[in-house]
Amino acid sequence: MNTIEGGGIKGRRRGLTLIEMVMVVVIIGIMAKVALPNFNINRYRADGAGRLARVILQEAERNAITRQSNVIVSLDVNYNRFRVVQDYNNNDTINTTDLVTWRNMGEGAVFAKPAWTGAVGADSVVPTAAYAGAGLRTVSGLPTIIFRRDGSASTNFYVYITTRASVSTEYREIICAASTGRCDLYKYNGKGWVRMTS
């Protein structure tokens, strides 16, 4: 019922009706259904894991050049981490005076071999392991690449990393060139390998 106060009509103040609230919820639901399938958090986790692994390798190369001593990088596939050793006397073994650090990979990231060919070069066949290199060494029981004081690496090397082995688009590959020690990162898009920017 409307009343007249001060020359105007004052109506009842009302809130949202049930129909208006249902319509808002329906519109939000439609927008979420359209937007959310395009957003895949696992893809970003895989990208982050690949970038972190590449950074660990590149830091090892820079440390070898800066400190003028070899850096031994080993893959611990059982615990999905890297062992990084500053080899102060350049004898390619771990001594008690060498600095040893362990670097974990990104959350949920594992070393895993894909069931298809690698990105480029010698790994253009289906890999037999999650990592490979013609001159790959074993140091203290772990497969190892050594970065030299001149920036080079002990071998051409590649490693595969994923966050979910059952999803092909979450595989990342890091390829290191022996001559320069440069490591490049690739991702699998379901059809082939695409180089990622750094």
Side-chain angles (χ1 to χ4, degrees), residues 33-62 64 71-84 102-148 151-198:
K33 187 172 179 119
V34 170
L36 286 181
N38 296 329
F39 180 74
N40 181 355
I41 191 71
N42 291 312
R43 181 182 62 145
Y44 295 106
R45 287 179 61 217
D47 287 348
R51 286 191 175 103
L52 177 60
R54 180 178 177 263
V55 163
I56 291 169
L57 293 168
Q58 291 299 130
E59 280 179 355
E61 182 203 20
R62 280 194 296 275
V71 176
I72 302 167
V73 180
S74 305
L75 282 68
D76 185 351
V77 295
N78 293 325
Y79 294 101
N80 296 302
R81 60 186 181 170
F82 292 92
R83 179 182 63 201
V84 181
W102 293 92
R103 301 285 306 271
N104 293 323
M105 293 203 306
E107 182 183 341
V110 296
F111 297 109
K113 75 176 189 71
W116 55 89
T117 60
V120 294
D123 63 321
S124 59
V125 296
V126 176
T128 57
Y131 56 87
L136 205 59
R137 299 179 180 204
T138 300
V139 175
S140 297
L142 297 177
T144 299
I145 184 173
I146 300 171
F147 290 98
R148 306 283 183 209
S152 65
S154 57
T155 184
N156 290 321
F157 170 77
Y158 64 87
V159 62
Y160 296 99
I161 295 169
T162 187
T163 49
R164 292 186 297 172
S166 61
V167 181
S168 64
T169 55
E170 291 181 21
Y171 275 84
R172 304 296 178 260
E173 180 181 16
I174 301 166
I175 300 175
C176 292
S179 58
T180 62
R182 178 183 170 89
C183 296
D184 292 315
L185 179 61
Y186 294 82
K187 67 179 175 180
Y188 193 73
N189 65 6
K191 298 176 184 175
W193 292 95
V194 178
R195 186 173 174 183
M196 296 175 65
T197 56
S198 42

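- Val84 has its side chain out of reach of Glu59: every pair of non-hydrogen atoms, C-beta onward, lies at least 4.5 Å apart.
- Every residue meeting the side-chain hydrogen bond (donor to acceptor under 3.5 Å, both in side chains) condition with Asn42, not counting sequence neighbours, appears here in chain and number order: Arg45.
- A heavy-atom distance below 4.5 Å is not found between the side chains of Tyr158 and Ile174.
- Partners of Tyr171 according to the ring-ring contact (aromatic ring centres under 6.0 Å, His included) rule, which considers only residues two or more places apart in sequence or in another chain, are Trp116.
- Nearest heavy atoms, Ala60 versus Val71: O-CG2, 3.4 Å.
- Remark: Ser152 engages Arg148, Asp150 in a side-chain contact (heavy atoms from CB on, under 4.5 Å) (not counting sequence neighbours).
- With sequence neighbours excluded, the residues satisfying side-chain hydrogen bond (donor to acceptor under 3.5 Å, both in side chains) with Thr144 are Ser74.
- Not counting sequence neighbours, Arg62 has no partner by the side-chain hydrogen bond (donor to acceptor under 3.5 Å, both in side chains) test.
- Summarising the geometry of Gly135 relative to Thr155, their closest heavy-atom pair is N-OG1, 2.8 Å, with the distance given to 0.1 Å.
- The one candidate from Glu173, Lys187, Arg54 that meets the side-chain contact (heavy atoms from CB on, under 4.5 Å) condition with Met196 is Lys187.
- Among residue pairs with one or both ends in residues 174-185, those qualifying as salt bridge (Lys or Arg N to Asp or Glu O under 4.0 Å) are Arg182-Asp184, Asp184-Arg195; sequence neighbours excluded.
- Two residues are said to be in side-chain contact when any heavy atoms from C-beta on lie closer than 4.5 Å; Pro127 and Pro114 meet this criterion.
- Screening residues 130-140 for side-chain hydrogen bond (donor to acceptor under 3.5 Å, both in side chains), with sequence neighbours left out, gives Asp92-Arg137.
- Between Ala153 and Ala177 the shortest heavy-atom distance is CB-O, 4.1 Å.
- Classified by interplanar angle (parallel below 30°, tilted 30° to 60°, perpendicular above 60°), the ring pair Trp193/Tyr160 is tilted.
- Applying the side-chain hydrogen bond (donor to acceptor under 3.5 Å, both in side chains) rule to Asp47 yields the partners Arg172; only residues at least two apart in sequence or on another chain are considered.
- In this structure, Ile161 and Phe111 have side chains that are in contact, with non-hydrogen atoms separated by less than 4.5 Å.
- Scanning for side-chain contact (heavy atoms from CB on, under 4.5 Å) contacts around Val167 gives Arg164, Thr169, Glu170, with sequence neighbours left out.
- With sequence neighbours left out, the side-chain contact (heavy atoms from CB on, under 4.5 Å) criterion links Asp76 to Asn78, Tyr79, Arg81, Trp102, Leu142.
- Applying the side-chain contact (heavy atoms from CB on, under 4.5 Å) rule to Glu61 yields the partners Gln58, Ile65, Phe147; only residues at least two apart in sequence or on another chain are considered.
- When all heavy atoms of Cys183 and Leu57 are compared, the pair lying nearest together is SG-CB, 3.9 Å.
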